[in-house]
Amino acid sequence: MRIGVLGTGNMADALATHWVRAGHQVTVGGRDAHKAERLARRLGGGARPAGLRAAAEFGQEAVLAALPYGAGADVARDLRAVLEGKVLLDCSNPVGPGFQLLTHGGPSAAQRLAAAAPGAHVVKAFNLCHENVWRMRPPVFDGRPLAVPVCGDDETALTRVRELVRDVGGEPVAGGGLDRAGLLEATAALFISLWVGEGADAQAIAPPRAYAAGPGHRATEGGSRALR
């Protein structure tokens with residue numbers, strides 16, 4: 001794939017590193033040319049630095065919006081003509097002080113991207129874990145690859161993002177349409193508050209799948225199956 005990366009921070013670095021290793025062509029775009037150059041150099045594999053517009057133009061198969069909440073919609077609005085018809089992957093978390101959602105019950109960060117660039121096919125993924133988890137090669141725990149919920153409305157876009165999830169070493173899981181992206185963002189806020197604020201094990205709040213419907217009941221076969 002030809003992938004454009006909007007942003008030069010930790011998430012851009014962590015995810016694009018896997019995609020370069022998987023053989024994808026990557027162009028890194030940033031407002032700061034020196035940061036874009038440094039990241040492209042670190043990624044290697046022919047990754048190229050560019051401005052935000054040039055990176056969006058390059059991303060014929062996918063464009064990663066690795067941008068802070070608040071900046072993402074502004075950038076998408078500026079680039080809406082370039083993003084027309086493209087897969088726009090949102091990994092942001094609109095979480096502020098006190099682990100509160102900055103969306104304040106309104107549209108999710110992903111939906112705001114979609115509103116700012118209405119011709120793009122926005123997909124939400126990769127927002128539930130710290131960037132250092134995405135740096136793992138691969139992110140496997142107790143022998144099980146990390147499950148990565150993916151939300152979006154366009155099947156072609158979802159297929160491409162599922163491939164990118166597998167390239168990172170995870171297993172894509174159907175998260176529903178883009179209208180459910182807010183649930184992913186709220187889950188991230190809860191998990192961060194438990195992990196960081198309370199020092200609790202967020203993973204321990206859910207029972208094993210076999211017990212999801214209560215003791216003595218088996219979970220439905222299709223409910224939470226990873227997409228193969």
Side-chain angles (χ1 to χ4, degrees), residues 1-30 36-67 72 75-76 79-92 110 113-114 117 119-129 131 133-139 145-175 177-178 181 184 226-228:
M1 293 189 205
R2 287 163 55 97
I3 302 171
V5 175
L6 308 181
T8 57
N10 290 329
M11 284 296 287
D13 186 353
L15 295 175
T17 294
H18 288 284
W19 297 337
V20 167
R21 288 184 183 133
H24 300 299
Q25 301 175 59
V26 172
T27 289
V28 178
E37 288 170 8
R38 281 200 300 271
L39 179 52
R41 231 178 3 252
R42 188 158 59 249
L43 293 175
R48 299 185 302 174
L52 291 169
R53 181 171 295 275
E57 289 171 345
F58 179 84
Q60 293 301 307
E61 282 69 47
V63 177
L64 171 67
L67 299 163
V75 170
L79 300 177
R80 62 187 178 278
V82 178
L83 294 170
E84 183 82 21
K86 294 191 174 184
V87 178
L88 183 58
L89 174 54
D90 174 36
C91 64
S92 69
L113 276 187
H121 303 300
V122 177
V123 176
K124 187 81 183 190
F126 296 112
N127 71 305
L128 291 184
C129 298
E131 62 264 14
V133 172
W134 303 124
R135 293 183 198 279
M136 295 176 65
R137 299 175 58 187
L146 184 68
V148 182
V150 178
C151 292
D153 297 326
D154 182 84
E155 188 56 39
T156 298
L158 289 168
T159 297
R160 290 181 187 167
V161 172
R162 289 168 195 149
E163 180 180 341
L164 294 176
V165 168
R166 293 186 182 102
D167 288 337
V168 168
E171 278 293 331
V173 174
L178 199 66
L184 272 186
L227 296 176
R228 300 277 174 191

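Only a predicted model underlies this, so the values are computations on that prediction, with no experimental measurement involved. Below, all heavy atoms of this structure are taken into account, side chains as well, without hydrogens, waters or symmetry copies.
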Testing L52, V26, V63 one by one against V5 for a side chain to side chain contact (heavy atoms under 4.5 Å, CB included), which residue passes? V26

Just verifying a value: how many Å separate F126 CZ and L64 CG, rounded to the nearest 0.5 Å? 8.5 Å

So does D167 pair up with R21, basic N to acidic O under 4.0 Å? no

Whether E57 and R2 form a salt bridge (side-chain N of Lys/Arg under 4.0 Å from carboxylate O of Asp/Glu) is what I want to check. no

Heavy-atom pair with the smallest gap, counting every atom of A76 and L113: CB-CD2, 3.7 Å

Note, L43 side chain near D13 side chain (heavy atom, < 4.5 Å): yes

I'd like to know if the side chain of K124 and the backbone of S92 have a donor-acceptor N/O pair within less than 3.5 Å. yes

For a side-chain contact (heavy atoms from CB on, under 4.5 Å) check, start with the C-alpha distance between F58 and Q25, then their side-chain angles and the critical distance, and finish with the verdict. CA-CA 9 Å; F58 179 84; Q25 301 175 59; 3.7 Å; yes

Using a 3.5 Å distance criterion without hydrogens, assess whether the side chain of N127 forms a donor-acceptor pair with backbone atoms of L184. yes

Reported CZ-to-CD distance for the pair R166 and E171, which is rounded to 0.5 angstrom: 6.0 Å

Atom CG in D154, atom CZ in R160: separation rounded to 0.5 Å? 8.5 Å

Shortest non-hydrogen contact from P138 toward G169: CB-CA, 3.8 Å

Just how far is it from atom CD of Q60 to atom OG1 of T27, taken to the nearest 0.5 Å? 10.5 Å

If you look at every heavy atom in K86 and A56, which pair is closest and at what distance? NZ-O, 2.6 Å

For R135, I'd like to know if atom CZ has over 12 heavy atoms of other residues, nucleotides or ligands within 6.0 Å. yes

Do you know which two heavy atoms are closest between A125 and V150, and how far apart they sit? CB-CG2, 4.2 Å

Is the shortest heavy-atom distance from the side chain of T156 to the side chain of H121 under 4.5 Å? no

May I ask you to decide if W134's main-chain N or O and H18's side chain share a donor-acceptor pair within less than 3.5 Å? yes

Is there a side-chain contact (heavy atoms from CB on, under 4.5 Å) between I3 and L89 once you walk through the steps? CA-CA 10 Å; I3 302 171; L89 174 54; over 6 Å; no

Taking the side chain as every heavy atom from C-beta outward, state whether L79 and L6 have any atom pair closer than 4.5 Å. yes

Report the distance from atom CG of L146 to atom CG of L128, rounding to the nearest 0.5 Å. 8.5 Å

Looking only at heavy atoms, the pair that brings G29 and T8 closest together is O-CG2, 4.1 Å

Shortest non-hydrogen separation from A36 to A50 and the atoms involved: CB-O, 3.9 Å

Euclidean distance, E163 CD relative to H24 NE2, rounded to 0.5 Å: 5.0 Å

